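The next block holds one structure in the form of structure tokens; read it before the comments.
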Amino acid sequence: MSTHIDAKMGDYADVVLLPGDPLRAKYIAENFLDNVKQVNSVRNAFGYTGEYKGHRVSVQGSGMGIPSMSIYINELVKFFGVKTIIRVGSCGAIAPDVHLRDVILAQGSSTDSAVTMNTFGPGFHYAPLADFKLLDTAYHVAGKLGIDTKVGDIFAADRFYNDELDMQKLRDYGILGTEMESAGLYLLGAKLHFRALSVLTVSDLIFGDEKTTAEEREKTFNDMINISLETAIA
Ligand code: HPA
């Protein structure tokens, strides 16, 4: 076991889907995987391993934000040998052509988190990127499933509530949406040599107040899960 994961080497598959919400991990395990075994419950950060179309796949809740997610990623990779991590999360839309329930494949992730600066020092701005092969696979898998995706740069915010941030500027520079994890995922992918991709569903609008119903959110969430699982086994 590691500090935050009460499992044994071999309990996790090589590929892990990583939602922020542990209850989404449970939902994915119960509705999309066969022969499921729960492999973690420490701090209610639920983890499961099962099979998708005969391939072993795990799903692990990461909590919100880069600090929490980084704990699970470090332990999954260093103690349980995980090779591929696909984040399945939600985001707020920033770009004008990104709408509620759209699925975004985060090609890169800008951030105001200190993780990149604390890694490289002041003055150097590292560009955290997705694994291209995973990204390419997800893009084509989505096309085959008939699901439109938006691909580009997103913004991983250090704070959910941040009145000082100039969202209009991010919009002007083509940022598609905002969440709180992807820059940390991609930075760790580069450092620890695992393949990383973020697949995101738009759950809210930064410039607007249109809302989705619970049913609509579930349907779109399922699109994101299907893209991610098909990418995981491709
Ligand atoms: N901001 C940050 N993180 C998010 C958002 C948001 O609007 N929506 C979903 N995750």
Side-chain angles (χ1 to χ4, degrees), residues 17-28 44-46 59-73 85-116 128-130 138 147-188 196-225 227-228:
L17 263 58
L18 195 78
D21 182 353
L23 290 179
R24 283 199 190 150
K26 186 166 187 279
Y27 172 84
I28 295 167
N44 288 331
F46 303 131
V59 52
Q60 170 66 50
S62 72
M64 287 179 280
I66 292 172
S68 177
M69 182 199 63
S70 298
I71 289 172
Y72 295 97
I73 291 177
I85 297 179
I86 303 176
R87 165 166 154 71
V88 287
S90 59
C91 71
I94 293 180
D97 61 341
V98 174
H99 305 105
L100 274 183
R101 303 186 301 279
D102 279 358
V103 178
I104 293 177
L105 306 177
Q107 181 179 13
S109 176
S110 300
T111 189
D112 63 353
S113 158
V115 280
T116 52
L129 296 180
I147 304 164
D148 187 38
T149 51
K150 303 266 184 342
V151 183
D153 195 10
I154 60 132
F155 171 62
D158 214 17
R159 289 176 282 176
F160 185 90
Y161 298 104
N162 184 349
D163 297 334
E164 290 88 40
L165 196 66
D166 185 351
M167 284 289 184
Q168 182 60 49
K169 192 163 201 172
L170 301 187
R171 191 173 165 98
D172 293 345
Y173 277 74
I175 301 279
L176 300 178
T178 179
E179 41 88 276
M180 300 182 70
E181 290 83 11
S182 292
L185 170 67
Y186 293 174
L187 182 70
L188 281 173
L197 176 67
S198 278
V199 184
L200 306 169
T201 298
V202 176
S203 60
D204 53 278
L205 304 176
I206 301 300
F207 296 87
D209 49 21
E210 197 194 337
K211 297 267 182 283
T212 46
T213 65
E215 192 184 345
E216 284 169 331
R217 281 198 297 276
E218 183 171 317
K219 162 80 179 68
T220 326
F221 187 69
N222 289 349
D223 285 349
M224 172 173 69
I225 302 306
I227 293 169
S228 301

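Owing to the predicted nature of the structure, the values given are computational and were not obtained by experimental measurement. One-based numbering, in listed order, for ligands and for the atoms of each. Any value given below was found using the heavy atoms of this structure, including those in side chains, with hydrogens, waters and symmetry copies removed.
- Side-chain contact between Ile175 and Ser110: present, with at least one pair of heavy atoms (C-beta onward) separated by less than 4.5 Å.
- Two residues are said to be in side-chain contact when any heavy atoms from C-beta on lie closer than 4.5 Å; Val88 and Arg24 fail this criterion.
- Listed for the Tyr186 side chain is a donor-acceptor partner under 3.5 Å among the backbone atoms of Ala106.
- Using a 4.5 Å heavy-atom cutoff, the side chains of Leu187 and Thr111 are not in contact.
- Using a 4.5 Å heavy-atom threshold, the side chains of Leu185 and Ser198 count as touching.
- Two residues are said to be in side-chain contact when any heavy atoms from C-beta on lie closer than 4.5 Å; Asp148 and Asp102 fail this criterion.
- For ligand 1, the 4.0 Å heavy-atom shell takes in Ser90, Cys91, Gly92, Phe160, Thr178, Glu179, Met180, Ser203, Asp204, Ile206, ordered by chain and residue number.
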